[in-house]
Amino acid sequence: MNEWWRSAVIYQVYPRSFQDDNGDGVGDLRGITRRLDHIVDLGSDCIWLSPIFASPQADMGYDVSDYRAVDPLFGDDAAFDELIDAAHAKGLKIIVDQVLSHTSDQHEWFKQSRTSRDNDKADWYVWADPLPDGAPPTNWHSHFGGPAWEFDPGRGQYYLHNFLASQPDLNFHNPDVIDAILETCKFWLDRGLDGFRLDTVNYYFHDQSLRSNPPAQAKPQVMATDLYGMQDNIYNKTRPENLAFLQRLRALTDQYSEIMMVGEVGEMGHKSIEIMGDYTKGTDRLHMAYSFAMLGPDFTAEHFQTCIEGFQRGAPDGHPYWSFSNHDVTRHVSRWAEYAVSKDAMARLTCAMLMAFEGTIGIYQGEELGQTETEMTFEELTDPPAIRFWPAVKGRDGCRTPMVWEKDAPHAGFSTAKPWLPVKPPQAANAVDQQGPDSILAFYKDMIARRKASPALTRGQTSFLPLPEPVLGFTRAAEEETLTCIFNLSPDAQRLTIGGGAQVNCANEADLSGAALTLRGNGFVYLSHGQDFAVTPG
């Protein structure tokens, strides 16, 4: 069996913002096809497409109204087939976001479900009667503000929505719902997809007894749009029934050749690492999973070590997917700026870290250019929680602005029309045509190539070194090769002592002179060495 995904570099394309081919200001499938060589030249193995299915776009495609149709905003069936064929011809796999936990309220299933309590799809969504005082059935929160329940006067009941009120949650306790969902997945596998990125994979099932969540045991984290952190979310997500459904999905994908599923665990902190491990154990669940553990503000050696070691303990036979940026969080070059000598230094350091991590690696479009977060004005916003809670919440538009191809072209070469989100000068300055031999793009290409050529980095076991903050160090060992990778996660120089001898495999802002290793701010080094190697502070 070809488990290509185990050492893959997966490149996330946000279709709205990659390349506009038809001149309407929104990216599309044919635009992606036109730019495939950029992804191939980078060294990527697979493309993850954010949602392309029919949708009213209330949440940028994460509100699906037809699971079997391409949204006209992005193209048609012919454009989809052309993209698949062109990618496969270039050796690229393609996976697509599957948003299975909820649909749009414009989906025919929900339109029928809300008409009465006794129609054929009455129980396809999570409906519940009001409490005696008219209050919602539970205290569960919506991620986008307010209760996770919306009252429907037609049925005289509430329905569950973990996100927007226009994104009602499907009732996975109904076997007919599961059968229908599996059929939609089969439909796209038959069309040539190489797998799925499963959105909010731990949200499929809810507690049928509708018990309210208890208060958080840990210190609550309160944000204007997201009160989840004030509760221990034990009844509204990550229910034990999820595992049986994942096994059904895996059984479906195992009927095909070289298919992969990666699940998004919607959870912050180290609990997410435990769920990742649980969902990837053995060979009958997800092929791999990722969480928001490395997509937050934490930038310490202890944090990264805890994430990786936590997964190793929780799923010794599972497989992780690590990334630092995506379409839901502030771009990491900006998010971790306080720890940086410069934006370029942070871009190089984090690239080197990712390429040294054990597991599959994810890159978000523009990350390979050292792209920064775009500062948005209120008038430019499209993201629902940002519009509702501005200025306390900046939203996700700043990481979703268009890809920049040519610095001096209109809209940096993304479109001939006004884009759906603006291209601003700080982002245009990072355009592909500005990336020369010593650029961030060239650095990414080199580091990806190094990873692919290294047995230690593609399949070596990880052992962490007992080094003090802010230094992260670990050894990756395979039979053919052993590498030790050391990173300075601060803008201040750090000095270490090397014992046993070592040779520099690659480095940036690092000097090895005899036994003395100096890592300047955000410097790193990969060292080749023998069995007697040792590294100590000072």
Side-chain angles (χ1 to χ4, degrees), residues 269-274 276-277 293-294 296-316 318 320 322 324 336 338-341 345-346 348-359 361 451 454-479 481-538:
H270 299 306
K271 181 180 178 182
S272 66
I273 301 298
E274 297 174 8
M276 284 173 61
M294 292 189 184
D298 293 331
F299 193 70
T300 65
E302 179 186 20
H303 174 69
F304 293 113
Q305 179 174 345
T306 301
C307 288
I308 294 171
E309 287 187 330
F311 188 89
Q312 290 173 331
R313 288 192 301 270
W322 304 116
F324 291 158
W336 292 329
E338 66 181 286
Y339 305 98
V341 172
M346 178 58 70
R348 292 173 194 271
L349 171 67
T350 49
C351 172
M353 289 170 59
L354 262 185
M355 296 309 150
F357 284 176
E358 182 178 347
I361 302 307
R451 176 182 172 87
S454 168
L457 296 182
T458 52
R459 51 187 172 80
Q461 297 294 303
T462 303
S463 300
F464 283 89
L465 304 174
L467 297 173
E469 296 285 354
V471 179
L472 173 67
F474 51 82
T475 296
R476 300 285 311 277
E479 288 183 6
E481 181 186 36
T482 298
L483 287 178
T484 289
C485 308
I486 307 175
F487 309 92
N488 178 6
L489 308 190
S490 81
D492 302 317
Q494 305 295 321
R495 292 172 177 80
L496 303 167
T497 300
I498 301 298
Q503 299 80 45
V504 174
N505 180 284
C506 72
N508 186 57
E509 296 298 330
D511 294 314
L512 178 61
S513 178
L517 173 64
T518 300
L519 297 177
R520 292 183 288 278
N522 300 148
F524 79 89
V525 66
Y526 294 0
L527 297 172
S528 302
H529 55 81
Q531 295 296 320
D532 56 348
F533 173 82
V535 56
T536 54

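Please read these numbers as outputs of a predicted model, since none were measured by experiment.
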Kindly give the heavy-atom pair with the smallest separation between [X] and [Y], and that separation in Å.
X: Asp532; Y: Gly500; result: OD1-O, 3.4 Å
X: Pro320; Y: Met276; result: CB-CE, 4.1 Å
X: Cys506; Y: Phe524; result: SG-CE1, 3.9 Å
X: Arg495; Y: Thr518; result: CG-OG1, 3.9 Å
X: Cys307; Y: Met294; result: CB-CE, 3.8 Å
X: Leu457; Y: Cys485; result: CD2-SG, 4.3 Å

Mind checking the [atom1]-[atom2] spacing from [X] to [Y]? Nearest 0.5 Å is all I need.
X: Thr350; Y: Leu489; atom1: OG1; atom2: CG; value: 10.5 Å
X: Leu349; Y: Asn488; atom1: CG; atom2: CG; value: 7.5 Å
X: Leu496; Y: Ile498; atom1: CG; atom2: CD1; value: 6.0 Å
X: Asn508; Y: Leu519; atom1: CG; atom2: CG; value: 10.0 Å
X: Glu274; Y: Arg313; atom1: CD; atom2: CZ; value: 9.0 Å
X: Met355; Y: Arg451; atom1: CE; atom2: CZ; value: 7.0 Å

Between Val504 and Leu527, is any pair of side-chain heavy atoms under 4.5 Å apart?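 SC-SC contact between Val504 and Leu527 confirmed.
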So Met353 and Phe324, do their side chains get closer than 4.5 Å, heavy atoms only?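 Heavy-atom side-chain distance check passes, below 4.5 Å.
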Glu309 vs Ile273, test: side chain to side chain contact (heavy atoms under 4.5 Å, CB included). Steps then yes/no. CA-CA 9 Å; Glu309 287 187 330; Ile273 301 298; over 6 Å; no
Show the atom names and distances, to 0.1 Å, of all donor-acceptor pairs under 3.5 Å that link a side chain in residues 463-473 to residues at least two apart or in another chain.
from   : atom 1 : to     : atom 2 : distance (Å)
Glu469 : OE1    : Ala301 : N      : 3.0
Glu469 : OE2    : Ala301 : N      : 3.3
Glu469 : OE2    : Glu302 : N      : 2.8

With Phe311 via ring-ring contact (aromatic ring centres under 6.0 Å, His included) - residues at least two apart: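 Per chain and number, Phe311 pairs via ring-ring contact (aromatic ring centres under 6.0 Å, His included) with no residue.
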Output, in order, the C-alpha distance, side-chain angles, deciding distance and verdict of side chain to side chain contact (heavy atoms under 4.5 Å, CB included) for Arg348 and Glu509. CA-CA 10 Å; Arg348 292 173 194 271; Glu509 296 298 330; over 6 Å; no
Plane angle bin for Trp336 and Phe304 - parallel if under 30°, tilted between 30 and 60°, otherwise perpendicular: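 Taking Trp336 first and then Phe304, their aromatic rings stand perpendicular (interplane angle over 60°).
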Do the rings of Trp322 and Phe357 sit parallel, tilted or perpendicular, given the 30° and 60° boundaries?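 Because their plane-to-plane angle is over 60°, the rings of Trp322 and Phe357 count as perpendicular.
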May I have the step-by-step check of side chain to side chain contact (heavy atoms under 4.5 Å, CB included) for Asn505 and Leu483, ending in yes or no? CA-CA 8 Å; Asn505 180 284; Leu483 287 178; 3.8 Å; yes
